[in-house]
Amino acid sequence: STRYTKYKPVIPYYERYKTLMAIQYIDGVYMYQTEEELYDLIKFFRPDIRILGEDYIGKPFTGDDLPPEIIYTTRSHEWSTTKMKDTLPIQLAPTISWDRSFGVLKILDQTKLPEVEKYIETTDYKEVIEAIKRLSIRGAPALGVAGAYACVLAAYDCNALVQEAFVEEILPAWNLIANARPTAVNLKWAVDIMKRQLEDCLDNTDWDLIETRRYILSCAKQIHKDDITRCDTLCLFGSSLFPADARVMTICNTGGLCSGGIGTALGCIQYAHAFKKNVEVYVPETRPLLQGARLNTWELERSEIPYKL
């Protein structure tokens, strides 16, 4: 079982689900949101044994009045979903990721799907602009995240040792990024945030090129993290609107490919599926990239969700 408490998990709900399902000996993962739902699950499955972390010893917990034998175990970071996510063969392909070891931005090229999963790996913000223009990366949330990281690449490419020269060089580059796709609201929104954060940094700290670059990177990472959280929260609540048996039509592509996280509308479908709802998806065709036949079906196939094109 997996759930949210007041302490948010490090990785999103759906990633936790897929990580646990990738373990060979696990037959099913049941997600719940409230203590009442957990209590009902225990009564429904009537397990012989429950395993809890040793931090529950001597404390009340949900279902402590039910008959299963309780076995307490030592918590270990080796068994956290955060740790396992990097070692198990889970079917998750991040649309955008930052390689902190080499300062490289990785973008899943959507024009190559579904035949080939190919990543654009670049340290050049101009290459990100071209990727946006040819729709190698698309979707409003994803463009915002990509734009933020492109700003980072522009900053890392600038070696001006004087603050004024640094600003004079990177702001035109950031404007080019913001205008790479004029209709993409999130793209300009993200670049505007980066501009405000940079201005705040320069107004309130002593000038240092290396530290300024690091700060710009932290701002981009925060935009990415915020998008993951927004998608996760939206899909968690959106999936609750699905009936037990749902026939759903989704138009265009609104899954993980369009965002920095699990997606929006298609993400709700994936969450509903993870909550064991009987979901079948009708996928109409969409232009200009055949988002239905190429992208939605690719995401649904990887999530093992029944669909008809």
Side-chain angles (χ1 to χ4, degrees), residues 8 10-12 15 92-110 119-133 136-160 163 166-182 184-205 207-233 256-264:
K8 294 282 187 178
V10 176
I11 58 176
E15 288 192 28
L92 291 166
T95 302
I96 310 167
S97 61
W98 175 264
D99 187 333
R100 62 183 179 184
S101 300
F102 301 101
V104 172
L105 181 63
K106 297 176 66 176
I107 297 172
L108 183 61
D109 190 344
Q110 297 183 33
Y119 279 87
I120 299 166
E121 300 186 14
T122 184
T123 58
D124 187 349
Y125 75 91
K126 294 177 184 177
E127 192 168 354
V128 180
I129 291 176
E130 291 305 312
I132 292 171
K133 288 182 176 180
S136 288
I137 183 165
R138 44 150 294 284
L143 289 173
V145 176
Y149 281 125
C151 290
V152 175
L153 295 180
Y156 272 52
D157 191 49
C158 177
N159 295 308
Q163 175 178 318
F166 178 81
V167 173
E168 185 176 335
E169 183 174 336
I170 68 165
L171 285 187
W174 286 15
N175 289 332
L176 289 175
I177 295 166
N179 294 312
R181 190 172 174 188
V185 175
N186 286 55
L187 180 56
K188 186 177 185 302
W189 165 82
V191 175
D192 285 344
I193 289 178
M194 298 295 287
K195 287 180 179 179
R196 290 196 298 270
Q197 297 281 24
L198 174 61
E199 183 179 0
D200 182 67
C201 173
L202 297 179
D203 286 345
N204 294 286
T205 61
W207 164 249
D208 183 281
L209 175 61
I210 302 302
E211 291 303 318
T212 301
R213 286 173 173 170
R214 287 174 179 168
Y215 179 73
I216 290 171
L217 174 58
S218 71
C219 294
K221 287 183 174 180
Q222 185 57 46
I223 289 174
H224 192 178
K225 182 180 179 181
D226 178 66
D227 186 53
I228 292 173
T229 301
R230 287 171 184 264
C231 290
D232 199 34
T233 304
L257 290 174
C258 86
S259 73
I262 190 65
T264 54

Has Arg230 got more than 12 heavy atoms of other residues, nucleotides or ligands less than 6.0 Å from its CZ? no
Can you measure from CG (Asp157) to CZ (Arg213) and round to the nearest 0.5 angstrom? 8.5 Å
Please list, one pair per line, the donor and acceptor atoms closer than 3.5 Å that link side chains of residues 194-203 to other protein atoms, with sequence neighbours excluded.
unit_1 : atom_1 : unit_2 : atom_2 : d
Lys195 : NZ     : Asn175 : OD1    : 2.5
Gln197 : OE1    : Tyr215 : OH     : 3.1
Asp200 : OD1    : Asn204 : ND2    : 3.0

Are the side chains of Leu105 and Trp98 in touch, meaning some heavy atoms are under 4.5 Å apart? yes
I want to check something: taking the side chain as every heavy atom from C-beta on, are Tyr156 and Leu217 in contact at a cut-off of under 4.5 Å? yes
Do you know which two heavy atoms are closest between Ala190 and Gly144, and how far apart they sit? CB-O, 3.1 Å
Just say parallel, tilted or perpendicular for the rings of His224 and Tyr149, cut-offs at 30° and 60°. perpendicular
Decide yes or no for Thr95 and Gln110: does some side-chain heavy atom of the first lie under 4.5 Å from some side-chain heavy atom of the second? yes
Ring pair (Phe, Tyr, Trp, His ring centres under 6.0 Å) against Tyr125, all qualifying residues, sequence neighbours excluded: none
For a 4.5 angstrom cut-off between non-hydrogen side-chain atoms, does Ile132 reach Leu143? yes
Gap separating the CD1 atom of Ile96 from the OG atom of Ser259, nearest 0.5 angstrom: 8.0 Å
Is it true that, when you exclude Glu168 itself, more than 12 heavy atoms of the residues, nucleotides or ligands shown sit nearer than 6.0 Å to its CD? no
Asp192 side, atom CG; Leu187 side, atom CG - distance, nearest 0.5 Å: 9.5 Å
Nearest non-hydrogen partners of Pro141 and Cys258, listed with the distance: CD-O, 3.1 Å
What's the separation between atom CZ in Arg181 and atom CG in Asn186, rounded to the nearest 0.5 Å? 11.0 Å
Residues Leu176, Lys126; criterion side chain to side chain contact (heavy atoms under 4.5 Å, CB included); working and verdict: CA-CA 9 Å; Leu176 289 175; Lys126 294 177 184 177; over 6 Å; no
Distance in Å, Ile216 CD1 paired with Cys158 SG, rounded so as to fall on 0.5 Å steps: 9.0 Å
Hey, are the side chains of Cys219 and Ile193 touching, using non-hydrogen atoms and a 4.5 Å cut-off? no
